[in-house]
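I have placed the structure first, in the form of structure tokens, so that the comments after it can refer back to it.
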Amino acid sequence: MASGPADTTRVAIAGALLGVLTVGLRPETPDLTSVTGPSQVLRPDRNTFFALVLVGGLLGGAAGWLVDPWTGAVAGSLVGLLLGVLVGMTKSVWLHFTLPRLYLTVRHRLPFALMSFLRDAHKQRGILRQVGSVYQFRHIDLQRHLAAQYGRSTSGS
């Protein structure tokens, strides 16, 4: 607990240090011209997310330890992990991809191994084509049918 000016100053310095170091990290932007598939884009993005969460937790624990060696370290780690998740959500799209995928998997709307499913639909079945780092439906009629089924426009395809 911060009880005096010295404790308040330590909390402020620790919080500022945590914020500056976590927010100051920059993700590595993939070179889309040399990427050979969607997995090569998702993997570095996932690593960026987890690195930000880990750094946030470690810095939060260190900042909390400056205030109180035990309870401050635990509370700081939890706050740092939360801050790391929030910063990770702004610096990468991995969590934005994973949460809906998991939700749709639980509701039996997507297969559990989505990337394997898409790779099979591309390489073995010929339903999808790969353009750079994305998969597209090969046939415009299928695109139009699915767009009509789910209320989306296919203009520009």
Side-chain angles (χ1 to χ4, degrees), residues 1-123 128-137 146-147 150-153 156:
M1 289 273 171
S3 60
D7 288 337
T8 305
T9 303
R10 279 193 265 170
V11 170
I13 290 172
L17 177 68
L18 175 63
V20 167
L21 290 176
T22 305
V23 173
L25 295 173
R26 299 278 179 243
E28 182 180 330
T29 306
D31 179 16
L32 297 179
T33 58
S34 65
V35 171
T36 59
S39 296
Q40 284 75 23
V41 173
L42 285 174
R43 189 176 303 114
D45 201 57
R46 179 194 61 216
N47 294 343
T48 297
F49 177 79
F50 282 117
L52 287 168
V53 171
L54 179 65
V55 166
L58 291 174
L59 291 176
W65 185 81
L66 289 174
V67 176
D68 181 36
W70 295 110
T71 56
V74 171
S77 294
L78 293 175
V79 170
L81 287 172
L82 179 63
L83 181 62
V85 168
L86 294 175
V87 171
M89 289 177 66
T90 64
K91 305 273 186 191
S92 76
V93 296
W94 182 80
L95 194 63
H96 299 281
F97 168 74
T98 301
L99 290 179
R101 181 178 63 90
L102 290 175
Y103 172 77
L104 292 171
T105 299
V106 168
R107 297 191 40 106
H108 303 289
R109 306 286 278 169
L110 278 179
F112 180 75
L114 177 62
M115 297 311 290
S116 297
F117 173 78
L118 293 174
R119 195 171 21 262
D120 178 67
H122 164 62
K123 290 186 177 180
L128 301 176
R129 66 179 174 203
Q130 183 179 334
V131 179
S133 63
V134 298
Y135 289 119
Q136 298 176 343
F137 286 109
L146 292 172
Y150 295 102
R152 308 271 171 148
S153 171

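All values reported here derive from a predicted model rather than from experimental measurement. These values consider heavy atoms only, across backbone and side chains, with no hydrogens, waters or symmetry-generated copies.
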Leu86 CG to Leu52 CG distance, which is reported to the nearest 0.5 Å: 11.0 Å
Ring pair (Phe, Tyr, Trp, His ring centres under 6.0 Å) partners of Trp94, counting only residues at least two apart: Phe49, Phe50
Heavy-atom side-chain contact between Met115 and Leu42 under 4.5 Å: yes
Exercise: identify the closest heavy-atom pair between Pro100 and Leu95: CD-O, 4.1 Å
Set of side chain to side chain contact (heavy atoms under 4.5 Å, CB included) partners for Leu81, sequence neighbours left out: Val53
Listed once per pair and sorted, the ring-ring contact (aromatic ring centres under 6.0 Å, His included) pairs that draw on residues 95-123, sequence neighbours left out: His122-Tyr135
Test item: Gln130 and Pro38 side chains (from C-beta on) under 4.5 Å apart, heavy atoms: yes
With Asp120 via side chain to side chain contact (heavy atoms under 4.5 Å, CB included) - residues at least two apart: Gln124, Arg125
Leu110: partners by side chain to side chain contact (heavy atoms under 4.5 Å, CB included), with sequence neighbours left out: Arg101, Leu104, Thr105, Leu114
Separation of Ser77 OG from Leu58 CG (nearest 0.5 Å): 7.5 Å
Shortest non-hydrogen separation from Ser39 to Pro44 and the atoms involved: O-CD, 4.5 Å
Main-chain N/O of Val87 paired with Thr90 side-chain donor or acceptor, under 3.5 Å: yes
Lys91 side, atom NZ; Thr48 side, atom OG1 - distance, nearest 0.5 Å: 10.5 Å
Gap between atom CG of Asp45 and atom CD of Gln40 - 0.5 Å precision: 13.5 Å
Side chain to side chain contact (heavy atoms under 4.5 Å, CB included) between Leu128 and Arg119, worked out: CA-CA 9 Å; Leu128 301 176; Arg119 195 171 21 262; over 6 Å; no
